[in-house]
Amino acid sequence: MKKVVLIDDDQLVTISLKTILESGGNISVEAIGKDGNEAFSLYEKYEPDVLLMDIQMQQQSGLSAAEEILKKHPGAKILLLTTFRDDEYIVSALRIGAKGYILKQDFEAIEPAVLAVAGGQTVFGGEVMERIPGLLPGVGNEEKEVPAEEMADVFKEKGISEKEFAIIEGVAEGLNNKELADSLFLSEGTVRNYLSTILEKLELRDRTQLAVYYWKQGELKK
């Protein structure tokens, strides 16, 4: 049973989220807070597996509270939940070390996202993941784009094969396993096996970290 502390200033939202989270029998909502000011004290009191927190709240924002918590507790697993698709929020979430950023309206993904974060993964909703490449400095500027062959060489030095690099490129572009399998004429099982090997070689936890790592390597190469 994974312990969750839930922070949101809308009581109707917290009631709904608690119901959604506990419906599967794998999550227990240990406490509920209404703003960022309560988040810190509730985190320290309950030491949850995941702190699920809204971004925009009246007294203190979720981003501000997350930053404070992570300074004192670097291992804290914080999943930010919001109705906003604002690019600045996404960049801030990445910068401070949040383990996820998903949209409230994607309610079917909330419980799986919490369980994934509790298991050590980083989770960004599909719409958010697609926007990450364009939010990192310099990415998307065609004049400064690093040629694919140069990027391939960078990863070859890290023990990555051509096929593995093709999968990394697809992940960086936001493709899911089925789309990767179709584009590379592989089975989804083979793609999953390749991804496991890639993550092990690069010492990364999940595909979100892999995508961010790819774009950062491009920045270093410029």
Side-chain angles (χ1 to χ4, degrees), residues 1-129 131-132 135-136 205-209 211-212:
M1 185 74 72
K2 300 302 181 183
K3 298 189 301 180
V4 170
V5 166
L6 174 60
I7 309 292
D8 195 302
D9 60 1
D10 187 325
Q11 187 176 11
L12 290 177
V13 169
T14 56
I15 291 171
S16 299
L17 287 174
K18 186 176 188 298
T19 300
I20 290 170
L21 291 170
E22 295 185 335
S23 63
N26 299 310
I27 294 171
S28 172
V29 176
E30 301 290 297
I32 293 174
K34 63 179 180 299
D35 58 51
N37 291 330
E38 288 188 90
F40 193 96
S41 59
L42 289 175
Y43 180 85
E44 294 207 318
K45 180 177 180 180
Y46 292 95
E47 298 182 351
D49 295 297
V50 177
L51 176 63
L52 179 61
M53 183 159 50
D54 189 17
I55 284 184
Q56 282 225 339
M57 294 180 287
Q58 292 183 4
Q59 299 299 319
Q60 183 184 18
S61 76
L63 286 170
S64 175
E67 189 166 18
E68 286 185 11
I69 292 168
L70 286 164
K71 281 181 181 177
K72 187 171 181 183
H73 304 282
K77 295 173 181 175
I78 300 176
L79 176 59
L80 296 169
L81 186 63
T82 183
T83 57
F84 296 91
R85 297 177 177 84
D86 191 283
D87 290 350
E88 184 179 346
Y89 290 152
I90 298 171
V91 172
S92 295
L94 288 167
R95 179 181 59 80
I96 66 177
K99 298 302 180 185
Y101 180 113
I102 59 174
L103 302 176
K104 285 183 182 178
Q105 49 267 47
D106 192 11
F107 65 93
E108 291 182 352
I110 294 172
E111 183 193 6
V114 168
L115 293 173
V117 169
Q121 297 182 47
T122 303
V123 177
F124 286 87
E127 288 185 48
V128 176
M129 186 68 189
R131 296 170 72 168
I132 288 176
L135 300 179
L136 296 174
R205 286 195 303 269
D206 51 61
R207 63 193 302 129
T208 303
Q209 284 194 344
V212 174

For a side chain to side chain contact (heavy atoms under 4.5 Å, CB included) check, start with the C-alpha distance between Val13 and Asp54, then their side-chain angles and the critical distance, and finish with the verdict. CA-CA 10 Å; Val13 169; Asp54 189 17; over 6 Å; no
Please enumerate all residues that pass salt bridge (charged side-chain N to carboxylate O under 4.0 Å, His left out) together with Glu22, with sequence neighbours excluded.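 So Glu22 forms a salt bridge (charged side-chain N to carboxylate O under 4.0 Å, His left out) with Lys18.
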Please identify each residue that fulfils salt bridge (charged side-chain N to carboxylate O under 4.0 Å, His left out) with Lys71, with sequence neighbours left out.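 If we apply the salt bridge (charged side-chain N to carboxylate O under 4.0 Å, His left out) test to Lys71, skipping adjacent residues, there are no hits.
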Throw together a table of side-chain donor-acceptor distances under 3.5 angstrom for residues 2-9, partners on residues two or more places apart or in other chains.
from	atom 1	to	atom 2	distance (Å)
Lys3	NZ	Tyr46	O	3.2
Asp8	OD1	Asp10	N	2.9
Asp8	OD2	Lys104	NZ	2.8
Asp9	OD2	Gln58	N	3.4

With sequence neighbours left out, write down each residue that passes side chain to side chain contact (heavy atoms under 4.5 Å, CB included) with [X], or none if nothing qualifies.
X     : value
Ala76 : Tyr43, Ile69, Leu70, His73, Ile78
Gln60 : Asn37, Ser64, Ala65, Glu68
Gln11 : Thr14, Ile15

For Ile110 versus Leu17, what's the shortest heavy-atom pair and its separation?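 Heavy atoms only, the tightest pair is CD1-CD2, 3.6 Å.
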Indicate the atoms forming the closest heavy-atom contact of Met53 with Ala39, along with that distance.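 Looking at all heavy atoms of both residues, the closest pair is SD-CB, 3.6 Å.
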How about Leu63 and Leu80: do any of their side-chain heavy atoms sit closer than 4.5 Å?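 Result yes, sub-4.5 Å side-chain heavy-atom pair found.
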Does Leu21 reach the side chain of Leu52, with side-chain heavy atoms less than 4.5 Å apart?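 When only atoms from C-beta onward are counted, Leu52 and Leu21 do touch, with a gap below 4.5 Å.
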Listing request: all ring-ring contact (aromatic ring centres under 6.0 Å, His included) pairs with a residue in residues 16-39, at least two apart in sequence or in separate chains.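 Counting only pairs at least two positions apart or across chains, no ring-ring contact (aromatic ring centres under 6.0 Å, His included) contact touches residues 16-39.
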Write out all pairs satisfying ring-ring contact (aromatic ring centres under 6.0 Å, His included) with one or both partners inside residues 10-33, taking only residues at least two apart or from two chains.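 Sorted result for residues 10-33: empty, none.
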Partners meeting side-chain hydrogen bond (donor to acceptor under 3.5 Å, both in side chains) with Glu111 (sequence neighbours left out):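 Not a single residue meets the side-chain hydrogen bond (donor to acceptor under 3.5 Å, both in side chains) criterion with Glu111.
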Applying side-chain hydrogen bond (donor to acceptor under 3.5 Å, both in side chains), can you list everything that pairs with Ser28, at least two apart in sequence or on another chain?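 So Ser28 forms a side-chain hydrogen bond (donor to acceptor under 3.5 Å, both in side chains) with Glu30.
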Please collect all salt bridge (charged side-chain N to carboxylate O under 4.0 Å, His left out) contacts where either partner lies in residues 31-44, sequence neighbours excluded, each pair once.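 Output for this query lists Lys34-Glu38, Glu44-Lys72.
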Before you tell me yes or no, could you show the steps for Tyr101 and Leu79 under side chain to side chain contact (heavy atoms under 4.5 Å, CB included), namely the whole-Å CA-CA distance, both residues' side-chain angles and the distance that decides it to 0.1 Å? CA-CA 6 Å; Tyr101 180 113; Leu79 176 59; over 6 Å; no
